[in-house]
Asks: 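Here it is, the structure, as structure tokens.
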Amino acid sequence: MLEITRIRADKDAVIEGLKTRMIDATEVVNNIVATDESWRAKKSELDSIAAEMNKISKEIGMLFKEGKRDEADAAKAKTATLKENEKNLKAEVDALENELQELLYQVPNVPQSIVPAGKSEEDNVTVEEIGTPVQFNFDALPHWELADKFGLIDFETGVKVTGAGFPIYKGKGAKLQRALINFFLMEADKAGYEEFIPPHVVNEASGYGTGQLPDKEGQMYHVGVDDLYLIPTAEVPLTNIYRDVILPNEDFSIKMTGYTPCFRREAGSYGKDVRGLNRLHQFDKVEIVRIEHPNNSEKALVEMVDHIKGLLEKLGLHYRVLRLCGGDLGFTSAITYDFEVYSAAQGRWLEVSSVSCFETFQANRLKLRFKGEDKKTQLCHTLNGSALALPRIVAALLENHQTEDGIMIPEALRPFTGFDKID
RNA sequence: GGAGAAGUGGCAGAGCGGUUGAAUGCACCGGUCUUGAAAACCGGCAUACUGAGAGGUAUCGGGGGUUCGAAUCCCUCCUUCUCCGCCA
């Protein structure tokens, strides 16, 4: 959620900034400014009535103490109309407050200036591409065929047990999964991220905190009886650790990592997008989350990008880094870099990571602040990234490292798998 | 799941209908003293909104209610603790 103070201070800059997303926010923003103004007017009216009431109450208290019952009763009579006014005004103020809140929820984050304007993924900018497509001198198989051939993943039985999008990993397929998780966590550890095992289910407040609610409601699995949500990413529980927190000084840099399964309903997906491991309802992911001083978030983002590049290079994958255009940017993000690995057998790019800086957008909802030098509280910046999401990495590993008779495990992963080849 | 008890500032802990945004202690910050430190003493020390400011308003787990007035009374939800049951 954007800070109301920011909109108040320069609404035109906000409207202008949002054009990068190819949206015209003039109406909502104007609406916000107007609602905010009438809210403030009504609120100060309400406050002065409340002040009056408080004053009279104190006087009545005093009169009672002095035993002047009659005068007290007279004073009481005066409060009747005030009380009525207060009640009505309170209702108006509450309504305006809710309205303002609803309006603010509708406005996405303002993209940073280097974010390219654009409507869809076609307008994303390739920042760099590392490696070249693998050449095969035999018929390369897509990962779902490899997974079947070597008995690594059982999609059909997953359908029986749960439904489509819930694969069952087995044998070396399961071991590869565990190895990757371990590898990613160890790399994060080396980079100074503290490891967490958070809850896999969160409450509504946490959903709002990181911005999954209210706008991405349909994306999460909802446990109705207990009114809880299965996490779509570890970002939600990890970042919410710091909900309603005021860090005591400005000397901080919080780096967290965690492996969790992620659950996404992915309503509306179909076709080649959902084939094999390309898009699942449940998948594993190691996430990195950072909470930074506003002055340090830019540097942090670079570090995160470099960290992810390192992972992909150690796995020997051909990949590219995209700077998302405004239209492809997530609702809460100010800037996002996507990482895609090239799936040689499918002949397409697969997104394996997304690294974003949210600036104060999440922190504002989370009420995550720090105390500055001048003792004033200020909102922190939050960032996060996948490091990495497993299924498409597995898909790319299987496809890109296949030989005629098996699949080679990258050197860096072998200490974790305990085997160097799947055959 | 059943029965009880409790939730107050960073922590501990008063207050149980009226100048209480909240005693007191500890912690913390600033100062005096000291060669330095400790001790002692003095001062400061919640958050948010609003206002140019003085100030005003709200907040004692969350929400609702009674009252001129609620941290204090009532309802409800949540959480924690103790006992019982169940259980990896």
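For the numbers below, each heavy atom of this structure counts, side chains included, while hydrogens, waters and symmetry mates do not. In what follows, chains are A, B, ... by sequence order, proteins preceding strands, each numbered from 1.
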Asks: Any side-chain N or O of A/Asn54 less than 4.0 Å from the OP1 or OP2 oxygen of B/U57?
Replies: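 Indeed, a polar side-chain atom of A/Asn54 lies that close.
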Asks: Dump the intermediate steps for ring pair (Phe, Tyr, Trp, His ring centres under 6.0 Å) on A/Phe358 and A/His381, then the final yes or no.
Replies: CA-CA 7 Å; A/Phe358 305 95; A/His381 279 195; over 10 Å; no
Asks: Using distance alone, with no hydrogens and no angle criterion, decide if A/Glu298 and A/Gln112 have a side-chain donor and acceptor under 3.5 Å apart.
Replies: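 Judged by distance alone, the side chains do not pair up.
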Asks: In terms of ring plane angle, is the pair A/Phe263 and A/Tyr221 parallel, tilted or perpendicular, where the classes change at 30° and 60°?
Replies: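 Answer is perpendicular, since the angle exceeds 60°.
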Asks: Quick one: is A/Thr377 getting a side-chain N or O under 4.0 Å of the B/A48 phosphate, OP1 or OP2?
Replies: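 For A/Thr377, the contact criterion (side-chain N or O under 4.0 Å from OP1 or OP2 of B/A48) is met.
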Asks: Categorize A/Ala50 for me: base, sugar-phosphate, or nothing, with a 4.0 angstrom heavy-atom threshold over every strand shown.
Replies: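 Here A/Ala50 touches the backbone only, sparing every base.
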Asks: Give me, pair by pair, the N or O atoms of the protein and of nucleotides 14-22 of chain B that are less than 3.5 Å apart, along with how far apart they are.
Replies:
from, atom 1, to, atom 2, distance (Å)
B/G18, N2, A/Ser57, O, 2.9

Asks: Check the side chains of A/Thr382 and A/Arg290 for a donor-acceptor pair under 3.5 angstrom, ignoring hydrogens and angles.
Replies: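 Result is no, nothing qualifies.
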Asks: Any donor and acceptor pair, going by atom type alone, linking the side chain of A/Asp189 with main-chain N or O of A/Leu185 inside 3.5 Å?
Replies: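 Here the side-chain-to-backbone pair does not exist.
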Asks: Please determine whether a side-chain nitrogen or oxygen atom of A/Arg369 lies at a distance below 4.0 Å from atom OP1 or OP2 of B/A46.
Replies: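 The answer is no; no side-chain N or O of A/Arg369 sits under 4.0 Å from OP1 or OP2.
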Asks: Which helical stems does RNA chain B take part in, if a stem means at least 3 consecutive Watson-Crick or G-U pairs with both distances below 3.5 Å?
Replies: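 Looking at RNA chain B, the stems formed by three or more consecutive pairs are B:1-7 with B:78-84, B:10-12 with B:24-26, B:28-32 with B:40-44, B:46-50 with B:55-59, B:61-65 with B:73-77.
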Asks: So, OP1 or OP2 of B/G51: does either fall under 4.0 Å of a side-chain N or O from A/Arg40?
Replies: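 Yes, within the criterion.
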Asks: What are the residues of residues 77-88 of chain A, sorted by number, that bring a heavy atom to within less than 4.0 Å of RNA chain B?
Replies: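 Listed by number, they are A/Thr79, A/Lys83.
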Asks: Just so I know, are the side chains of A/Leu46 and A/Ser48 near enough to count as touching, which here means a heavy-atom distance under 4.5 Å?
Replies: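 SC-SC contact between A/Leu46 and A/Ser48 ruled out.
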